[in-house]
Number of protein chains: 2
Amino acid sequence: MVSIKDIARKAGVSISTVSYALNGSPKVKEETSNKILSVAKELNYVPNAAARMLKTRETKIIGAFLTGFEGSFYGQLLQGMKEVLNKRGYDLVVCSGSQSHRLLPERMIDGAIVLDASFSSEELLQYADRGHKLVVLDRELNHPNVNQVLLDNKAGAMLAVEYLLEEGFRKIYVVSGPQGSFDSNQRLLAARQTVERNQPIPPDETGQPIELIEMEGNFDKASGEAAAERIIREYTEPVDVFCLNDEMAVGLYNAVKESPYVIGEHIHVIGFDNMELSQFVQPRLATIDYSKRKWGALAAEQFLKVIAGEPVEHERIYVTLVKAESVRSRPSV
Amino acid sequence: MVSIKDIARKAGVSISTVSYALNGSPKVKEETSNKILSVAKELNYVPNAAARMLKTRETKIIGAFLTGFEGSFYGQLLQGMKEVLNKRGYDLVVCSGSQSHRLLPERMIDGAIVLDASFSSEELLQYADRGHKLVVLDRELNHPNVNQVLLDNKAGAMLAVEYLLEEGFRKIYVVSGPQGSFDSNQRLLAARQTVERNQPIPPDETGQPIELIEMEGNFDKASGEAAAERIIREYTEPVDVFCLNDEMAVGLYNAVKESPYVIGEHIHVIGFDNMELSQFVQPRLATIDYSKRKWGALAAEQFLKVIAGEPVEHERIYVTLVKAESVRSRPSV
DNA sequence: TTGTATGCGTTATCAT
DNA sequence: ATGATAACGCATACAA
């Protein structure tokens, strides 16, 4: 391995001069600098990251931690992060699994953007306490070294439920994500509130109250299928279903396809995330949309601010309703 | 930052004893070791990766380089790699973009698995020459430090074309990937050969020869749409289309939907990759399937062998034909 | 069984 | 403008 020492020897200067030249310091004479640079190129010199890290205490790498690599969902999010970070001289690496947590405390990365249930909040706070910089996308965490960029789950769930309620059905299923999921919990809470707020005040001419049935899912297709089975079993009249993400809604589609019932006619479904697949399923899935790219880009920007020591306020990503035939066969608009 | 020096001081031993104890050396007395370990825990000691790297010259991290993060395609591939690597004490990080290439020469990672057009083969060979270990998934590269795990593109393209030819149409479009893509080039070559081999020897009772029309695409939806426009414009009788990946086939679907023609009836389409979306489009897309997870897992295994200095032979991932209504409205099986 | 001393490749301080 | 040297945190050969 060729080091600055080799360059120094070959160029007939000292290692400190080499270091200065390599880092473009104005202190070194242009002639010397050129000589050094050409020797470096000739020897195929590449700086050693470990040594530099040891001195400077930074790697210019930041890690994006995800619960899993699967799910087309992440592509745009990561792209958004990368664009912002690269522009500022940082590299992005994507990590998953608890084994990779070590990268942060061992200082192999300068910080982390976290959308990863495999981190407990206690663990993250511990890192923050030790001075590591974080942006979290999947929880609320208040600490000077941590910034939040969260989806507006409440607005999304409200939009979704109100869209369903327009249909006038009295029975609405909510298929939630796993217990530990912040996004799921927020959406569920908002769904409950929205139903409550729209409950006819009894006694009332519209009669029957709205029934909200909660089913715990896992944000994967299998739990959507499981939910569908129960819904089909209990079917007596048209019902609404709010799947707390699109993935489960697609699972539900698959199961309903095997039944006598029809999505958008008997079973009215809305999801959350607007993943690519949702526009291709038949009928098109109504859902809650938001810009994944913008989410990633904003997270990265916030991260850079945290690193720079600027005081940063938490941010929110806004969401919109995507109407579609899965709720209403002939969408009004 | 707490270092072994701090532990040594607090535990009343020397730093080398601390180092030994931390690394579980049998040389240190259990009593001393316990003492040291407890002090380390108490001080929240975390080893510094940079310092360890500087000495040991390894990071236990390997990088997977992808052309881009977008495309649901990669999830299973990465999952396959990760499972194998984690089991062997390695961490996987995913990188994209030419800026991140530095991670390899700067020795921030112990090696790389490459499925990334942003690397030129010259660049990779240079790394290999300097002792870096590589597995390539998207090109042929022969070097002691490089192993290949490639798709059996030729078999796939042959299966696809022969399936199309069974229909008996005389006009077959091939929508290729970008010029530089190894997979695209291999598939295209095999498609040509298969058509040639199936050409009726003139003069012949079947009459007309098979016409193969090549169109350059880009492996994205937009190029699928562009291809569709030309195909629609030229339409006179039922035709076959071999999209060299599913992504483009989906783009083609979108454009054909706006036309009077129907997939599977006028325009007979097959793709390559069997991505998740392909089973949801209407009609289901015929395609070439292979196990992405196995591909990743095998790549990781080969990588570990290369690292271990074992002599490794190149590997091949086998593919299968997925018949569907996009080619034949009533599939025979 | 434990301690001393050296070096990994770099940056950066202080002389010159 | 350049050189000598210390320091970063750790592993390890060698000494005790």
Contact interval (first through last nucleotide) of DNA chain C with protein chain B, 4.0 Å heavy-atom:
C/dT1 to C/dG9
Go through the structure and list residues passing ring pair (Phe, Tyr, Trp, His ring centres under 6.0 Å) with B/Y127, not counting sequence neighbours.
none
For B/G12 and B/R57, take the nucleotide of DNA chain C holding the closest heavy atom to each; which residue's nucleotide lies nearer the 5' end?
B/G12
Between protein and nucleotides 11-13 of chain D, what N or O pairs are separated by less than 3.5 Å?
unit_1, atom_1, unit_2, atom_2, d
D/dA11, OP2, B/S19, OG, 3.1
D/dA11, OP2, B/N23, ND2, 3.4
D/dA13, N6, B/Y20, OH, 3.2

Identify every side-chain donor-acceptor pair in residues 93-101 of chain A under 3.5 Å, counting partners at least two apart or on other chains, and give the distances.
unit_1, atom_1, unit_2, atom_2, d
A/S96, OG, A/L66, O, 3.1
A/S96, OG, A/T67, O, 3.3
A/S100, OG, A/S96, O, 3.4
A/S100, OG, A/G97, O, 2.7
A/H101, ND1, A/E123, OE1, 3.4
A/H101, ND1, A/E123, OE2, 2.8
A/H101, NE2, A/S118, OG, 3.0

Could you tell me how far apart B/R9 (CZ) and D/dG9 (C1') are, to the nearest whole angstrom?
13 Å
Nearest heavy-atom contact between B/M1 and A/R107 is CE-CD, 3.1 Å
My understanding is that only residues two or more places apart in sequence, or in another chain, count here; which of them pass ring pair (Phe, Tyr, Trp, His ring centres under 6.0 Å) with A/F65?
A/F119
Apply side-chain contact (heavy atoms from CB on, under 4.5 Å) to A/L124 and A/V146, showing your working.
CA-CA 9 Å; A/L124 291 178; A/V146 183; over 6 Å; no
Measure the distance from NZ on A/K29 to C1' on D/dT2 and round it to the nearest whole Å.
10 Å
Which pairs pass side-chain hydrogen bond (donor to acceptor under 3.5 Å, both in side chains) with one or both residues in residues 37-54 of chain B, sequence neighbours excluded?
A/E106-B/R52, A/R130-B/N44, B/K10-B/E42
Please work out if B/M1 contacts a base, only the sugar-phosphate, or nothing of the nucleic acid, heavy-atom cut-off 4.0 Å.
sugar-phosphate
Using atom types as modelled and distance alone, determine if a side-chain donor or acceptor of A/H314 lies under 3.5 Å from a backbone N or O of A/Q148.
yes
Quick check: do A/I62 and A/M81 have side-chain heavy atoms less than 4.5 Å from each other?
no
